[in-house]
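Everything numeric in this text was worked out from a predicted model, so none of it was measured. Quick note on labels: first sequence line is chain A, next is B, and so on, each numbered from 1.
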Protein chains: 2
Amino acid sequence: MSQQSSTAPGPDGHGDRQCDRSGQRRATVVDVAQRAGVSTATVSRVMNRNYPVAAATRERVEAAMRELGYVVNAHARALAGTSARTVGIIVSELIDPFYAYIARGVEREATDGDRLCLVCCTQGDPQRELAFIELMHERRADAVVLVGGSVEDRAYKAELARRARELDAGGSKLVLCGRPSLGDGVPTVGVEYDNEGGAFAITDHLITQGHERILYLGGPPGLSTARDRLAGHRRALELRGIARDRELEQPGAFSRAFGYRRMTELLREGLEFTAVFAANDIVAAGAAQALEEAGVRIPLDMSLVGYDDIPVAQDLRPRLTTVRIPLEEMGRQAVRVALNGGDEDDWRAPTTGTLRLGTHIVVRESVAAPRSTLPGSARPRRS
Amino acid sequence: MSQQSSTAPGPDGHGDRQCDRSGQRRATVVDVAQRAGVSTATVSRVMNRNYPVAAATRERVEAAMRELGYVVNAHARALAGTSARTVGIIVSELIDPFYAYIARGVEREATDGDRLCLVCCTQGDPQRELAFIELMHERRADAVVLVGGSVEDRAYKAELARRARELDAGGSKLVLCGRPSLGDGVPTVGVEYDNEGGAFAITDHLITQGHERILYLGGPPGLSTARDRLAGHRRALELRGIARDRELEQPGAFSRAFGYRRMTELLREGLEFTAVFAANDIVAAGAAQALEEAGVRIPLDMSLVGYDDIPVAQDLRPRLTTVRIPLEEMGRQAVRVALNGGDEDDWRAPTTGTLRLGTHIVVRESVAAPRSTLPGSARPRRS
DNA sequence: CTGAAAGCGCTAACAA
DNA sequence: TTGTTAGCGCTTTCAG
């Protein structure tokens with residue numbers, strides 16, 4: 001306990017406001033106004049530069065602000081009516097380049113629009129996601145960007161829809177970035193990329209090189225992102241008249257560990273295939289390691305492709321042929337679309353609009369024609 | 001132009017508050033209180049669970065909140081006295097794993113403490129950094145974490161000190177995470193890692209393997225981080241009685257491109273050395289590529305080490321021996337230290353405290369004894 | 001061009 | 001256990 005046990009403002013009532021532990025209460029508009037000999041309205045006006053103020057007055061006010069070390073209170077400002085100038089972004093993991101690039105786009109676009117960015121990581125937990133949306137709503141974020149694939153759960157989607165409506169009612173927008181819409185009735189905006197098309201294109205690329213037995217590896221079956229990639233893969237197979245083989249579809253985590261482990265197992269089991277389509281570059285990196293350790297050479301003995309085109313694709317040897325997604329651009333568009341959706345002039349602008357960006361394959365060195373069409377050619381050397 | 005040219009709230013004045021574009025004004029405590037037949041104070045109490053409320057009352061209030069789709073206004077709350085429950089983090093680049101891992105630590109610790117995280121990227125521009133600190137101060141962040149090396153500019157440091165004082169006066173803290181203190185007079189807290197020590201250790205490791213001509217590559221001379229690493233390197237050399245060779249110190253950007261380019265040039269010029277200490281793993285990756293293209297084998301013809309131990313260190317072949325920094329832990333400690341620094345019970349707690357975490361080398365496969373002690377052994381094959 | 005005053009939505013004494 | 005009420009710091013009509 002300190003010597004002065006009372007926590008009240010002091011025996012002198014509330015007249016003296018200079019006394020504080022830091023010796024100096026934070027300056028407010030009132031202080032600035034007093035010091036400059038003007039009203040608070042004028043102080044506000046010089047800060048916001050939205051009304052004419054005499055040059056002399058302005059200078060006095062600015063001097064006062066400087067001398068007092070005045071820093072506006074964004075909360076008071078937000079309360080008083082202006083927007084909070086904040087956009088929220090929710091990702092599952094910041095250190096995953098897929099999310100990091102999108103986050104970068106969001107952050108830059110936000111900054112360019114004079115806004116600050118609230119960032120949350122769900123670590124893949126849908127419940128956290130919901131909670132974070134709520135928290136951002138409390139902060140009156142101008143937009144909340146939800147990034148990446150989502151689980152296909154009805155109850156969860158219903159909750160999401162509720163949050164979307166709440167946000168919308170308050171003038172904010174929920175942005176679905178790289179995930180499917182919640183349905184026509186739900187007021188959200190979306191930015192997608194041609195996920196299915198990219199998968200189609202790269203599988204087709206493999207087929208064109210002569211591959212028929214293509215292993216599809218990784219991608220959580222419950223995740224929308226993974227589902228679409230697999231769909232594109234299947235469509236390409238079908239279109240080229242290649243029968244689907246259940247053994248060649250090996251979904252799993254979007255992780256390096258999964259790619260490594262499953263590939264190792266498959267190689268050991270002797271499953272036959274001449275090419276691998278990893279559901280993303282991370283999985284591809286794991287698969288590449290397994291291949292390397294098994295003595296299978298890429299692309300000589302085995303072709304390998306990934307998805308996303310994150311930096312690791314260029315770090316691998318050989319460099320990975322993969323599908324490029326305009327990650328950063330998606331982030332930028334996410335906030336743009338959310339902030340212009342509520343345009344003043346078109347009163348009845350469609351509240352649910354989805355922007356769709358293209359994907360394309362990036363050909364590097366991890367694909368070649370199959371060594372031979374004879375089965376078994378891709379088998380690892382037995383030690 | 002729309003049909004209605006007036007932007008005023010409408011002909012009906014401001015009496016009616018139910019009329020809005022979204023058809024429904026946001027619910028407030030007053031609405032909830034009315035609906036539940038209680039006072040706003042009670043509503044506040046059920047939200048904050050910090051005062052006893054009769055179970056029945058509580059239920060009525062909660063029902064009302066649900067029915068109205070009530071979401072507290074964090075700004076009003078912050079204005080009314082409670083903290084904004086926000087911590088800010090400023091990094092130069094989110095997609096750089098070094099920063100991303102620290103950011104992850106900050107985000108997690110913030111979340112664990114029921115706070116949200118404001119994130120800004122300076123892209124290496126000190127002016128932006130200053131501006132962002134200000135913006136976070138306006139938002140009344142409980143702490144502002146500044147991550148990574150800083151430029152050694154006097155005017156800039158003075159500005160930083162001013163901001164630190166302002167923040168401190170308002171009860172917040174500026175946290176220097178992985179960068180040097182601003183001096184004793186300035187109220188900041190810090191979390192560092194043993195940067196110099198790590199560099200010393202890994203250079204010593206190289207020397208122990210028999211290397212004497214070690215190339216130090218990358219690291220902007222003006223950046224504190226780079227300065228300390230070079231210092232550690234020199235100290236190890238000196239301690240082992242190896243004369244410093246100016247040609248072997250090749251500072252530069254912390255980038256893959258620099259590592260690649262400079263290494264290519266050096267190899268072409270025929271500079272003699274048997275090992276490379278890249279100022280960070282990214283530079284090492286670039287150097288590795290240059291080495292590979294020149295036909296120089298790692299570690300047979302040349303040893304290579306990096307710094308940071310980010311994922312790329314494990315993706316390289318051979319895997320990179322490097323210095324591990326407790327990145328995520330630094331982020332966590334940054335917010336912990338900031339939030340406990342202002343403890344109530346020790347009135348005169350040192351306002352400037354620095355926590356120092358250790359580093360250690362991670363030995364992988366990129367180092368071997370030099371092939372021969374004869375000069376020229378590391379030369380690339382001429383094409 | 002400037003001032004007075006009414007809130008914005010919430011919390012926290014203080015009183016009951 | 002609950003209600004009353006006075007702000008928190010800023011913006012914004014509405015009047016000079």
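- Residue B:A41 is the one, among A:G81 and B:A41, whose nearest nucleotide of DNA chain D lies closer to the 5' end (criterion: closest heavy atom).
- Atom CZ of A:R60 and atom P of C:dT2 are 8 Å apart (whole Å).
- Remark: A:E62 engages no residue in a side-chain hydrogen bond (donor to acceptor under 3.5 Å, both in side chains) (not counting sequence neighbours).
- With hydrogens and angles ignored, the 3.5 Å screen pairs no side-chain donor or acceptor of B:R332 with any backbone N or O of B:G105.
- Listed by residue number, A:G37, A:V38, A:S39 are the residues of residues 32-39 of chain A with a heavy-atom contact under 4.0 Å to DNA chain C.
- One atom, CZ of A:R77, and another, C1' of D:dT11, lie 9 Å apart when rounded to the nearest Å.
- The salt bridge (Lys or Arg N to Asp or Glu O under 4.0 Å) test with A:E134 singles out one residue from A:R163, A:R128, A:R162, and that residue is A:R163.
- Between B:R85 atom CZ and C:dT11 atom P the separation is 13 Å, expressed in whole Å.
- Between the CG atom of B:L68 and the P atom of C:dG9 there is a distance of 13 Å, given to the nearest Å.
- Of the inter-residue distances, the one linking B:E129 atom CD with B:L146 atom CG reads 4.0 Å to the nearest 0.5 angstrom.
- With A:D142 contributing its side chain and A:T86 its backbone, the two residues share a donor-acceptor pair below 3.5 Å.
- Listed by chain and number, the residues in a side-chain contact (heavy atoms from CB on, under 4.5 Å) with B:Y51 are B:R45 (sequence neighbours excluded).
- Taking atom CZ of residue B:R26 and atom P of nucleotide C:dC10, one finds them 10 Å apart after rounding to whole Å.
- Looking only at distances, a side-chain donor or acceptor of A:T82 sits under 3.5 Å from a matching main-chain atom of A:R77.
- In this structure, NE2 in A:H137 is found 11.0 Å from CG in A:L174, a value given to the nearest 0.5 Å.
- The interatomic distance linking B:L79 (CG) with C:dA12 (C1') rounds to 14 Å, in whole Å.
- A donor-acceptor pair under 3.5 Å is absent between the side-chain atoms of A:D125 and the main chain of A:T122, judged by distance alone.
- Checked by atom type and distance alone, the side chain of B:Q333 never pairs as donor or acceptor with a backbone atom of B:V191 at under 3.5 Å.
- For the helix from C:dC1-D:dG16 to C:dA16-D:dT1, the angle separating the two terminal helix axes comes to 30°, with each axis derived from five pairs and the value rounded to 10°.
- The phosphate of C:dC10 (OP1 or OP2) has no side-chain N or O of B:T40 nearer than 4.0 angstrom.
- Contacts between residues 134-141 of chain A and DNA chain C, defined by a heavy-atom separation below 4.0 Å, involve no residue at all.
- Using a distance-only test at 3.5 Å, with no hydrogens or angles considered, a donor-acceptor pair links the side chain of B:E107 to the main chain of A:C121.
- Distance alone, capped at 3.5 Å, places no donor-acceptor pair between the A:R139 side chain and the B:A74 backbone.
- B:R85 places a side-chain N or O within donor-acceptor distance of the main-chain N or O of B:D114, the cut-off being under 3.5 Å.
- Annotation: proximity of residues 43-59 of chain A to DNA chain C (heavy atom, distance under 4.0 Å) is found for A:R45, A:P52, A:V53, A:A54, A:T57, numbered in ascending order.
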